[in-house]
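Structure record follows, encoded as structure tokens.
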Amino acid sequence: MRSLFSVVLVSAALAAGSGFAIAQTPAPARPAALSDNLPVPDAPAPKVSKAWLVMDYATGQVLAGENVDTPVEPASITKVMTSYVIAAEMAAGKIKATDQVMMSENAWRSGGAGTDGSYSGFEVNKTAPLEQMEKGMVVQSGNDAAIALAEHVAGSEQAFAQLMNAYAKKIGMKASHFVNPHGLTAEGHVTTAHDLALLGRALIRDFPEAYSYNKIKEFTVGPITQPNRNLLLWRDASVDGIKTGHTSSAGYCLMASAKRGDQRLITVVMGDTSENQRAVDSQALLNWGFRFHETHRLYEAGKTLASPKVWKGEEDVVQVGVAQPLLVTTARGKYDRLKATMDLPKSLVAPIAKGQKIGTVKVTLDGKLVAQAPLVAVSAVEEGGFFKRLWHELLMWWQS
């Protein structure tokens, strides 16, 4: 307002012929990208927890965390692994969403209303569609439903646990071992914050329909309606999962995921102090992750990034690129400081098959490696004719 007033005052004085003018000091130009060179502040670590992390969904990159590879009890977050197994077995055609699942006496006694844990309320010795039983497990965190589903899929909890461990290995969960489908404390039933984030990422990526059950806010079985225990579903519209957990030895746990725009993050908080505190801590980690990080798609799959020379081929060059899109997560405002280099062999000789690995592309930020991917042949290069191969053989010998 001061600058505008000065201009008006000068104009009025000159019109009146007063013979004086008011000197104006131009406003300083605002520096471009003022915060680009500032460091990203530390993540808001939970004050009390056994382990926590923030992971970017697209890249699988851990943005921050503590004790991410320390074994911890997963409590009811175990049921995410149970959901993954059910979805995978369904995709394989071994079970169907319409299957009638029996709430056995074992499931009812071990995980029903008479126990200290959460339960779904399906009646003992009666059946319900698999899809409904699974929602009772996911939304209500029903231990009884988890046992009934395990018995339906594999015959027993023990056999189902073998499936859980087999699928965990395929996902890349290197430090996890599951003993039961529900997460009640048992010897040897452990995982890590990093493994759980990988599991959440796999469920979202591989079985989005099964994942969608995690955002249901409440579910009714018979006369009983129970809410989802993930308080973030009511506090943050971008949150659509994933799962809570609690036992006296595991503490309060929450694996959360949110999508804002094109970016999705996953957080894991293990061993917090209360139901509300795990939500508060997870919310703070999500806000920090979205505020200070962004994910970029650097290269599309199958696009030519380089054309190195090929000896003895029908073509003189081979087109190389990445087989999968190359994504990288960086601090906001750092994208233009990324540098890519390609490691390619000095000499390539036909034949070269499509998809054959040729080299590696590496992406660095301020000298630190942040992403890398194999470079592959985008198209094949067949051997050239006899005389071309002979001529190239002579040239290669000469140049060596």
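We number each residue from 1, following the sequence as shown.
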Mind listing the closest non-hydrogen atom pair of [X] and [Y] along with its distance?
X	Y	result
S110	L184	O-CD1, 4.4 Å
L199	Y84	CD1-CB, 4.2 Å
Q263	R332	OE1-NH2, 3.5 Å
V370	Q61	O-OE1, 4.3 Å
L305	G321	CG-CA, 4.0 Å
I95	I86	CD1-O, 3.6 Å

Connected hydrophobic set around L231, excluding itself, where side chains approach under 4.5 Å
none
Are more than 12 heavy atoms from other residues, nucleotides or ligands located less than 6.0 Å from atom [atom1] of [X]?
X	atom1	result
W234	CH2	yes
K303	NZ	no
Q100	CD	yes
N125	CG	yes

Would you tabulate the side-chain donor-acceptor contacts of residues 344-361 under 3.5 Å, counting partners in other chains and residues two or more places apart, or write 'none'?
from	atom 1	to	atom 2	distance (Å)
Q356	OE1	A353	N	3.0

Flag the pair [X] / [Y] as yes when at least one side-chain heavy-atom distance between them is below 4.5 Å, and no otherwise.
X	Y	result
V80	I242	yes
H177	T191	no
L298	Y335	yes
V269	C253	no
L365	V328	no
K135	E131	yes
F290	L265	yes
M133	T127	no

Could you walk me through whether K259 and D240 pass salt bridge (Lys or Arg N to Asp or Glu O under 4.0 Å), step by step?
CA-CA 8 Å; K259 186 177 182 182; D240 54 13; over 6 Å; no
Evaluate S307 against Q319 for side-chain hydrogen bond (donor to acceptor under 3.5 Å, both in side chains), listing each step before the verdict.
CA-CA 5 Å; S307 302; Q319 313 297 325; 2.8 Å; yes
Does one side chain, of [X] or [Y], offer a donor that lies under 3.5 Å from an acceptor on the other?
X	Y	value
T78	K243	no
E89	Y167	yes
T329	E294	no

Looking at [X] and [Y], would you say the former's side chain and the latter's main chain have a donor-acceptor pair under 3.5 Å?
X	Y	answer
W311	L395	no
T304	A306	no
R201	A58	yes
T115	G112	yes
D195	A175	yes

Could you tell me whether [X] and [Y] make a salt bridge, using a distance below 4.0 angstrom between a side-chain N and a carboxylate O?
X	Y	answer
K96	D99	yes
D206	K170	no
R260	D236	yes

Rounded distance [0.5 Å steps], [atom1] in [X] versus [atom2] in [Y]:
X	Y	atom1	atom2	answer
N67	H194	CG	NE2	14.0 Å
L196	L254	CG	CG	11.0 Å
T247	E73	OG1	CD	5.0 Å
L375	K362	CG	NZ	11.0 Å
S238	L233	OG	CG	10.5 Å
T330	D366	OG1	CG	10.5 Å

Aromatic plane relationship, H246 with Y252 - under 30° parallel, 30 to 60° tilted, over 60° perpendicular:
parallel
Do the side chains of [X] and [Y] join up, straight or via other hydrophobic residues, at under 4.5 Å, putting them in one cluster?
X	Y	result
L63	V363	no
M396	W391	yes
V101	F219	yes

Distance-only donor-acceptor pairs under 3.5 Å for side chains of residues 221-229, two or more places apart:
from	atom 1	to	atom 2	distance (Å)
T225	OG1	T220	OG1	2.6
Q226	NE2	Y119	O	2.8
N228	OD1	N230	N	3.0
N228	ND2	N214	O	3.3
N228	ND2	I216	O	3.0
R229	NH1	Q140	O	2.8

Once side chain to side chain donor-acceptor pair (under 3.5 Å) is applied, what residue pairs with a partner in residues 38-50 remain, sequence neighbours excluded?
none
With H293 as partner, the option from V54, D56, V40 fulfilling side-chain contact (heavy atoms from CB on, under 4.5 Å) is V40
If you look only at distance, which donor and acceptor atoms sit under 3.5 Å apart when one is on a side chain in residues 142-151 and the other is two or more places apart or in another chain?
from	atom 1	to	atom 2	distance (Å)
N143	OD1	K79	NZ	2.7
N143	ND2	S118	O	3.2
D144	OD1	S120	N	2.9
D144	OD1	S120	OG	3.0
D144	OD2	S120	N	3.3
D144	OD2	S120	OG	3.1
D144	OD2	G121	N	3.4
E151	OE1	S104	OG	2.6
E151	OE2	S104	OG	3.4
E151	OE2	N106	ND2	2.8

Give me each pair satisfying salt bridge (charged side-chain N to carboxylate O under 4.0 Å, His left out) with a member in residues 373-396, each pair once, sequence neighbours excluded.
K312-E393, D316-K388
Applying side chain to side chain contact (heavy atoms under 4.5 Å, CB included), run through V310 and E315 and close with a yes or a no.
CA-CA 7 Å; V310 176; E315 306 292 336; over 6 Å; no
